[in-house]
Asks: 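One structure, as structure tokens, below. Some questions next.
Order of listing sets the numbers, starting from 1, for every ligand and every atom in it. Hydrogens, waters and symmetry mates play no part in the numbers below; they use all other heavy atoms, side chains included.
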Amino acid sequence: MHPSQDSEDFSQPGRRYTSVIHAVGNTPVVRLLPLERETDGSHIYLKLEYANPGGSVKDRAARQMVLDALADGRLRPGMTLIDSTSGNTGVAYAMIGAALGIPVALVMPANVSAPRQAIVRAYGAELILSDPMHGSDGAIEHCQDIVAAAPERYFYCDQYTNPSNPKAHWLSTGPEIHAQIGAELTHVVLGIGTSGTCMGTTRYLRQHLPRVRCLALQPSEALHGLEGLKHMASSLKPAIYDEGVPHQHIAVDTERGWDMADRIARETGLHVGHSSGANIEGAFQVAKAHPNARVLTIACDRGDRYFAPMRWERDYTW
Ligand SMILES: Cc1ncc(COP(=O)(O)O)c(C=O)c1O
């Protein structure tokens, strides 16, 4: 099938909201036809989380963590929301904080790209830079020190331990995938950073579509260029992470993730980030290994978020 011959009805009415926080979720799913042609009858579905208003999958977790904390009084008037973040969660906190009138402070390794820092500043968030040599784990420790020095001033959102992070995906990502693909789904492949997406979505799918095989994906190297993903063996393990939740764990190396992100942009018009490239590479391997499989993975964010100097650089020159 050529995409131009697709006979589906695309005339979904536009949605109207009172706040951007309600525009999070309900993201579209697109099939990756060029990859499918290299399989034995499999379909590969990509859920476009970059269609969220903050540009990434992290909008879901940030919204849930803030709403739950407001509801049970952990986040009160006068307090500042603080957390450490490799970038996308920071953008999501900054957006939701601006929408709800909540001050936001973000701790990031100083080598996070300049545009990423500029995005959160544009929403009015305060930026605190940690030692780049200590990576995302160093940012976590720096954030904990700041909170320990003034606990009454801060609501420490702590996406690595906050159960509202996976809950967001139990409540939204999982049910959306269920509604969009349904019983024909055979596999999901979900990259792990904090693990919120994988834990919440996998738990939902294992309960509601028990025949679906759920695979968690990590970078194969400790020093990698798949921003947003964690190499668990060499990282601080997030408290919300339970390695027994997925049926299986797979690994993708940086080069393959980057190659797939490049390929997908050129062959499908979907310009995704590198963790998404790794997710798609993982889904492609699964789709090739299982005839007539129906495999879903997610595009965590867009490729243009990485049009800036990074630690891991390949064919871009600056
Ligand atoms: C680009 C990107 N990919 C993947 C992830 C992983 O998502 P999660 O934290 O839900 O495991 C993140 C999280 O920050 C991310 O920013």
Asks: Test of understanding: given a 4.0 Å heavy-atom threshold, classify the contact between T194 and ligand 1 as side chain, backbone, both, or neither.
Replies: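 For T194, the contact with ligand 1 is made by both the backbone and the side chain.
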Asks: What distance separates C198 SG from H249 NE2, expressed to the nearest 0.5 Å?
Replies: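 Going from the SG atom of C198 to the NE2 atom of H249 covers 7.5 Å.
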Asks: Hey, is NE2 on H247 packed in by over 12 heavy atoms from elsewhere, all under 6.0 Å?
Replies: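 Buried by this count: over 12 neighbours within 6.0 Å.
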Asks: State if Y241 counts as touching ligand 1 under the rule of any non-hydrogen atom under 4.0 Å.
Replies: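 No; Y241 lies far enough from ligand 1 that no heavy-atom distance drops under 4.0 Å.
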Asks: S275 heavy atoms, cut-off 4.0 Å: which ligand 1 atoms fall inside?
Replies: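 With S275 as reference, the close atoms of ligand 1 come out as 1 (C), 2 (C), 3 (N), 4 (C).
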Asks: Using a heavy-atom cut-off of under 4.0 Å, does the side chain or the backbone of Y160 touch ligand 1, or both, or neither?
Replies: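 Under 4.0 Å from ligand 1, Y160 contributes no heavy atoms.
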Asks: Is ligand 1 less than 4.0 angstrom away from at least one heavy atom of S195?
Replies: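 True for this residue.
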Asks: Strictly by modelled atom types, are D301 and Y306 linked by a side-chain donor-acceptor pair under 3.5 Å?
Replies: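 The criterion, which ignores hydrogens and geometry beyond distance, is satisfied for Y306 and D301.
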Asks: Show me which atoms of ligand 1 lie under 4.0 Å from any heavy atom of E227.
Replies: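 What qualifies from ligand 1 is 1 (C), 2 (C).
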Asks: Closer than 4.0 Å to some heavy atom of D301 - which atoms of ligand 1 meet that?
Replies: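 Taking each heavy atom of D301 in turn, ligand 1 has 1 (C) under 4.0 Å.
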Asks: Polar-atom distance check: T197 versus ligand 1, any N or O pair below 3.5 Å?
Replies: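 Indeed, backbone or side chain, T197 has an N or O that close.
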Asks: Should C198 be counted as touching ligand 1, given the test is an N or O pair under 3.5 Å?
Replies: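 For ligand 1, there is no N or O atom that lies under 3.5 Å from one belonging to C198.
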Asks: Check each atom of ligand 1 against the heavy atoms of Y306 and keep those under 4.0 Å away; list them by number with element.
Replies: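 Within the 4.0 Å cut-off of Y306, ligand 1 contributes 1 (C).
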Asks: Looking only at side chains, do R60 and S172 share a donor and an acceptor under 3.5 Å apart?
Replies: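 There is such a pair (donor and acceptor under 3.5 Å, judged by atom type) between the side chains of R60 and S172.
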Asks: Looking only at side-chain N and O atoms, does S276 offer a donor or acceptor that is under 3.5 Å from a partner on N279?
Replies: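 Distance-only check fails for N279 and S276.
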Asks: Between K58 and ligand 1, does any nitrogen or oxygen pair lie at a separation below 3.5 Å?
Replies: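 Yes.
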Asks: Which part of L229 is near ligand 1, with near meaning a heavy atom under 4.0 Å away: side chain, backbone, both or neither?
Replies: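 For L229, only side-chain atoms sit under 4.0 Å from ligand 1.
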Asks: Quick check on contacts: which atoms of ligand 1 are under 4.0 angstrom from a heavy atom of I192?
Replies: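 Result: 11 (O).
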Asks: Are D83 and Y93 linked by a side-chain donor-acceptor pair shorter than 3.5 Å?
Replies: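 Present: a donor and an acceptor within the cut-off.
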Asks: Given the side-chain rings of F307 and H271, with only the six-membered ring counted for Trp, is the space between their centroids under 6.0 Å?
Replies: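 Between H271 and F307, which both carry aromatic rings, the centre distance is below 6.0 Å.
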Asks: With only distance considered, is N88 within less than 3.5 Å of ligand 1 through an N or O on each side?
Replies: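 There is such a contact, yes.
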Asks: Would you compute the distance between atom CE of M79 and atom CD1 of I102 and round it to the nearest 0.5 angstrom?
Replies: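 Nearest 0.5 Å value for the CE-CD1 distance: 11.0 Å.
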Asks: State the CD-CG distance between Q117 and N111, to the nearest 0.5 angstrom.
Replies: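 Rounded to the nearest 0.5 Å, the CD-CG separation comes to 9.0 Å.
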